[in-house]
Amino acid sequence: MASRIHRVTMFKLPKPADQVALLEQYKILSKNNEKDGKPYILSLVAGVAEEDARSQGYTVVAKSEFASMDDLKYYDNECKAHQALKATAKTLGMEGVMTVFFKPQIVESKE
């Protein structure tokens, strides 16, 4: 897990219907992501953010994990399933988006 690349994307989608539509696209992405004929996203979680003043208007959060930076670059630039998600996201009432990615330096789990 420490060698994985973690990507977090947050969306500002004020309308609940748009939030649901984006989450539906993440479900499709989860099923259809493919590189070299097989799934390559190691982990994908997404959901509506809990209401909190610290959220600064971000309403949907998605976190994905990749085996390498090459897989992340493929996701961003070539993955057909991700391209479809981005195309749909552009049609929604998007007021902002932020993406960060990192390689963990600290990993602790109680699971």
Trace of the side chain to side chain contact (heavy atoms under 4.5 Å, CB included) decision for V60 with M10: CA-CA 6 Å; V60 176; M10 299 184 299; over 6 Å; no

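For Y26, there are no ring pair (Phe, Tyr, Trp, His ring centres under 6.0 Å) partners, not counting sequence neighbours. With sequence neighbours excluded, no residue satisfies side-chain contact (heavy atoms from CB on, under 4.5 Å) with S55. Partners of S68 under the side-chain hydrogen bond (donor to acceptor under 3.5 Å, both in side chains) rule, at least two apart in sequence or in another chain, do not exist in this structure. Among residues two or more places apart in sequence or in another chain, the ring pair (Phe, Tyr, Trp, His ring centres under 6.0 Å) test is passed with Y58 by none. Under the side-chain contact (heavy atoms from CB on, under 4.5 Å) criterion, V45 pairs with K63, not counting sequence neighbours.
Tracing side-chain contacts under 4.5 Å through hydrophobic residues (I, L, V, M, F, W, Y), one reaches L23 starting from V97; they form part of the same cluster. Linking ILVMFWY residues whenever their side-chain heavy atoms come closer than 4.5 Å, directly or via other members, leaves V48 and V20 in distinct clusters.
F66 is not listed as a side-chain neighbour of S43, based on a closest heavy-atom distance of 4.5 Å or more. The shortest distance between side-chain heavy atoms of L22 and F11 falls below 4.5 Å.
Rounded to the nearest 0.5 angstrom, K15 NZ and T59 OG1 are separated by 12.5 Å. With rounding to the nearest 0.5 angstrom, the OG1 atom of T9 is 9.0 Å from the CG atom of L85. Rounded to the nearest 0.5 Å, atoms CG (L92) and CG (L13) are 6.0 Å apart.
In terms of modelled atom types and a separation under 3.5 Å, the side chain of E65 and the main chain of L44 share no donor-acceptor contact. The backbone N or O of L29 sits nowhere less than 3.5 Å from a side-chain atom of N32 that would complete a donor-acceptor pair.
Pairing each heavy atom of K12 with each of G57, the nearest pair is CG-O, 3.3 Å. What you find for P104 and V107 is that their closest heavy atoms are CB-CG2, 3.6 Å. The heavy-atom pair separating P14 from G93 by the smallest distance is CD-O, 3.5 Å. Closest non-hydrogen pair, S64 versus I41, comes out as CB-CG2, 4.2 Å.
Sorted by first then second residue, the salt bridge (charged side-chain N to carboxylate O under 4.0 Å, His left out) pairs that include residues 75-102, not counting sequence neighbours, are R7-D76. Among residue pairs with one or both ends in residues 82-111, those qualifying as ring-ring contact (aromatic ring centres under 6.0 Å, His included) are H6-F102, Y75-H82; sequence neighbours excluded. Residue pairs satisfying the salt bridge (charged side-chain N to carboxylate O under 4.0 Å, His left out) criterion with at least one member in residues 29-44, sequence neighbours excluded, are listed as follows: K35-D71. For the salt bridge (charged side-chain N to carboxylate O under 4.0 Å, His left out) condition, the pairs that include at least one residue of residues 47-59, sequence neighbours left out, are D52-R54. For residues 17-29, the salt bridge (charged side-chain N to carboxylate O under 4.0 Å, His left out) pairs, not counting sequence neighbours, are E24-K27.
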